[in-house]
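Structure, as structure tokens:
Computed from a predicted structure; not experimentally measured.
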Amino acid sequence: MVALSAVLSSGCSLFNDEAVATWDLTKDQTPDSATTAFTVDVTRFGCNSGETGTVNDPDIEMTDTQVVITFTVSPGEPSSADCQGNNAVSYDVELPEALGERELVDGGCASTEATSTARCQPSGVRYTP
């Protein structure tokens, strides 16, 4: 039970070998209410000797007030790696409908160990209309 708790709290997945990632809009992005596609830079949260890895398709949750986009990367966390910071990987996001007057929120900041880091403060919001 202790081992399972340690794995789950580390952001690792026992089933699909994924790791937590955070994202930012690329510098040239200016979303508006009509936006349905944009580019983000995705970075692995945990240590991986400078490599983010393969960016997996994001989970996109759309509510009346927010679009929460959650990325993971593969492979999962290595057994040993140095923490020099990982590279950013560009990813094109396509929304199922226009952004409207909703915030864009980094889901990796909402429910993982990244929540309390400076990268996610104060709330993981990446864009506010």
**Request:** Scan residues 89-100 for pairs that pass salt bridge (Lys or Arg N to Asp or Glu O under 4.0 Å), counting only residues two or more places apart or in two chains.
**Result:**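 Non-adjacent pairs meeting salt bridge (Lys or Arg N to Asp or Glu O under 4.0 Å): E97-R102.
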**Asked** Tell me the salt bridge (Lys or Arg N to Asp or Glu O under 4.0 Å) pairs involving residues 20-40, sequence neighbours left out?
**Response**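 Only D24-R119, D24-R126 qualify under salt bridge (Lys or Arg N to Asp or Glu O under 4.0 Å).
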Smallest separation among heavy atoms of [X] and [Y], with atom names:
X    : Y    : result
T22  : C109 : CG2-SG, 4.3 Å
G53  : V89  : O-CG2, 4.1 Å
G108 : V20  : O-CG1, 4.5 Å
L99  : P31  : CD2-CB, 4.0 Å
V73  : A21  : CG1-CB, 3.8 Å
S74  : D17  : OG-O, 3.6 Å

**Request:** Apply side chain to side chain contact (heavy atoms under 4.5 Å, CB included) to T39 and Q29, showing your working.
**Result:** CA-CA 7 Å; T39 304; Q29 300 296 296; 4.1 Å; yes
Can you sort out the partners of [X] under side chain to side chain contact (heavy atoms under 4.5 Å, CB included), two or more places apart, ordered by chain and number?
X   : result
Q66 : T63, V68, E103, V105
S33 : E101
V93 : F38, V40, I60, I69, F71, Y91, L95

**Asked** Does D41 have any side chain to side chain donor-acceptor pair (under 3.5 Å) partners at least two apart in sequence or in another chain, and if so, which?
**Response**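 Testing D41 for side chain to side chain donor-acceptor pair (under 3.5 Å), a comparison that skips the adjacent residues, returns none.
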**Asked** Is there a donor-acceptor contact under 3.5 Å from the side chain of N87 to the main chain of T52?
**Response**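 Yes: the side chain of N87 pairs with the backbone of T52.
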